[in-house]
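Just so it is clear: chains get the letters A, B, ... in the order the sequence lines come, proteins before strands, and each one is counted from 1.
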There are 2 protein chains.
Amino acid sequence: MSLEKKISMAVIKRLPRYYRYLSDLLRLGITRISSKELSSRMGITASQIRQDLNCFGGFGQQGYGYNVEYLYNEIGNILGVNETFKVIIIGAGNMGQALANYSNFEKRGFKLTGIFDVNPELIGKRIRDIEIMSLDSMDRFIMENRVDIAILCVPYEHTPAIADRVACLGVKGLWNFSPMDLKLPYDVIIENVHLSDSLMVLGYRLNEMLKIEK
Amino acid sequence: MSLEKKISMAVIKRLPRYYRYLSDLLRLGITRISSKELSSRMGITASQIRQDLNCFGGFGQQGYGYNVEYLYNEIGNILGVNETFKVIIIGAGNMGQALANYSNFEKRGFKLTGIFDVNPELIGKRIRDIEIMSLDSMDRFIMENRVDIAILCVPYEHTPAIADRVACLGVKGLWNFSPMDLKLPYDVIIENVHLSDSLMVLGYRLNEMLKIEK
DNA sequence: TAGATTGTTAATCGATTAACAATC
DNA sequence: TAGATTGTTAATCGATTAACAATC
């Protein structure tokens, strides 16, 4: 398994995008698509699409193109949407609650099993059938329930300590919403979501455009 | 202005990251830093740091390095944190409210001036001094208040129409939280935030790691 | 001055695009 | 079969890294 050629991050990041476009095609009732047609829809080259897909296998057929449903399912498998991950949310503030309510994640195999906070006013409250629990009970919960992923929505200053704590308890994936590049010495997969970075890039690009217009 | 060499998206996306690290250094009371030292902190090469910074000017000094406060301010200027943008949030569901409460954005010059929704139960409610208004009153509000940026937190199916509507009214930047690649025929800057894409990449990487471990 | 470190050019690496033989 | 379109190799392009003269 580990002998296979390494797939670049650039390709991996495009997979969910392919998955979305194929889902749209499926909804539109389109059963087959060529890399050329998909290319014009997605605004990337047909070459890139064929290269990307061929990292994982030959899903198409010469002279025909790709069967939409088949390709959709194959990319779904590659992304592991059929695997189930047990997820907890740490920090039930605005962002934590917003994510807890975002039921779409369940469709992709991310099963929310617990929410934790320190605020006594929040503890006991329910979000979509899940009770917000005290942070004190988290360690035990993680061990007993074999949690795969922790979504970190705690304040900036507490993030590194909490990350370390859950990683030591065996959590294998972290989805971090604090504006810091979380890194851990352990074998843990971390995805950093930097909303303020994204907004600042928007601001930069906006300024550039306005400058040029002047 | 438009004659200057084009700066690549790769560089632009790193700017907020530099800004964060410099902010940390400042907080730690560190007054000067070499590209080498910054490189080891950030986990990128010193070469890249010097190349990136030199896209915008020579901020350092041979034999000395960079003055942290000066560089922080310069990058802040490049990112336009001193410019003020008028922002509205469209859709006051979970994500909209979470973003409305995230007061950190104000620090970077993004001033929330309005929140809009269609839900009568939400209209009239206040979030941080801003009243949630009816979507019906949005067009007028945008024109009267010269809104720069709209944050789109509306359901998937309504996103393209709302985006088009605000773009026609002169909104120049869109921060889109719907899981679609929003594109518009107008001269509008769009930043797509694809939370579910990010989560699926985490899932993929997690699966890969678990496969190799077996 | 000597040492350190930048700014910048040149070399390398990796990712994207083009081309085309294979084949449905 | 003829036309279409893939899978894949080769060419190009752009981004990263290395090297080093300039200079504080």
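Contacts of residues 42-55 of chain A with DNA chain C (heavy atom under 4.0 Å): T45(A), S47(A), Q48(A), R50(A), Q51(A). Using a 4.0 Å cutoff on non-hydrogen atoms, the parts of residues 14-36 of chain B near DNA chain D are R14(B), ordered by number. In the region residues 56-73 of chain B, proximity to DNA chain C at under 4.0 angstrom, judged on heavy atoms, holds for G58(B), F59(B), G60(B), Q61(B), Q62(B), G63(B), Y64(B), G65(B), Y66(B).
Two residues are said to be in side-chain contact when any heavy atoms from C-beta on lie closer than 4.5 Å; I90(A) and M138(A) meet this criterion. Residues F85(A) and N207(B) are in side-chain contact: their nearest non-hydrogen atoms beyond the backbone lie under 4.5 Å apart. In this structure, V201(B) and W175(A) have side chains that are not in contact, with every pair of non-hydrogen atoms separated by 4.5 Å or more. In this structure, the side chains of L79(A) and I75(A) come closer than 4.5 Å at one or more pairs of heavy atoms. Residues R41(B) and L25(B) have side chains in contact (heavy-atom distance under 4.5 Å, counting atoms from C-beta outward). Contact annotation: the side chain of V188(A) never approaches that of V171(A) to less than 4.5 Å [non-hydrogen atoms, C-beta and beyond]. L195(B) places a side-chain heavy atom less than 4.5 Å from the side chain of F177(A).
Rounded to an integer number of Å, the gap from E37(A) CD to dT6(D) P is 11 Å. Between the CG atom of L38(A) and the P atom of dT5(D) there is a distance of 13 Å, given to the nearest Å.
Qualifying side-chain contact (heavy atoms from CB on, under 4.5 Å) partners for T159(A), counting only residues two or more places apart in sequence or in other chains: L152(A), V154(A), N176(A), S178(A), M180(A), L182(A).
No side-chain donor-acceptor contact under 3.5 Å links T84(A) to the backbone of G109(A).
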Determine all donor-acceptor pairs shorter than 3.5 Å in which one atom belongs to a side chain in residues 142-151 of chain A; sequence neighbours excluded.
| unit_1 | atom_1 | unit_2 | atom_2 | d |
| --- | --- | --- | --- | --- |
| E144(A) | OE2 | R140(A) | NE | 3.0 |
| N145(A) | ND2 | F141(A) | O | 2.9 |
| D148(A) | OD2 | K86(A) | N | 2.6 |

Please table the atom pairs, donor to acceptor, closer than 3.5 Å between any side-chain atom in residues 93-106 of chain B and protein atoms at least two apart or in another chain.
| unit_1 | atom_1 | unit_2 | atom_2 | d |
| --- | --- | --- | --- | --- |
| N94(B) | OD1 | N101(A) | ND2 | 3.2 |
| Q97(B) | OE1 | K125(B) | NZ | 3.1 |
| Q97(B) | NE2 | A92(B) | O | 3.0 |
| N101(B) | ND2 | N94(A) | OD1 | 3.2 |
| N101(B) | ND2 | Q97(B) | O | 3.0 |
| Y102(B) | OH | N104(B) | ND2 | 3.4 |
| N104(B) | OD1 | K107(B) | NZ | 3.0 |
| E106(B) | OE2 | L112(B) | N | 3.2 |

Are there any protein N/O atoms within less than 3.5 Å of an N/O atom in nucleotides 11-13 of chain D, and if so, which ones and at what distance?
none

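For residues 170-196 of chain A, the pairs satisfying salt bridge (Lys or Arg N to Asp or Glu O under 4.0 Å) are D181(A)-R17(B), D181(A)-R20(B), E191(A)-R205(B), with sequence neighbours left out. Applying the ring-ring contact (aromatic ring centres under 6.0 Å, His included) test to every pair with at least one member in residues 43-76 of chain A, sequence neighbours left out, gives these pairs: Y19(A)-Y72(A). For residues 152-167 of chain B, the salt bridge (Lys or Arg N to Asp or Glu O under 4.0 Å) pairs, not counting sequence neighbours, are D139(B)-R165(B). For residues 46-55 of chain B, the set of pairs meeting the salt bridge (Lys or Arg N to Asp or Glu O under 4.0 Å) definition, not counting sequence neighbours, comprises R14(B)-D52(B).
Stem analysis of DNA chain C (Watson-Crick or G-U pairs, both distances under 3.5 Å, runs of at least three) returns C:3-24 with D:3-24.
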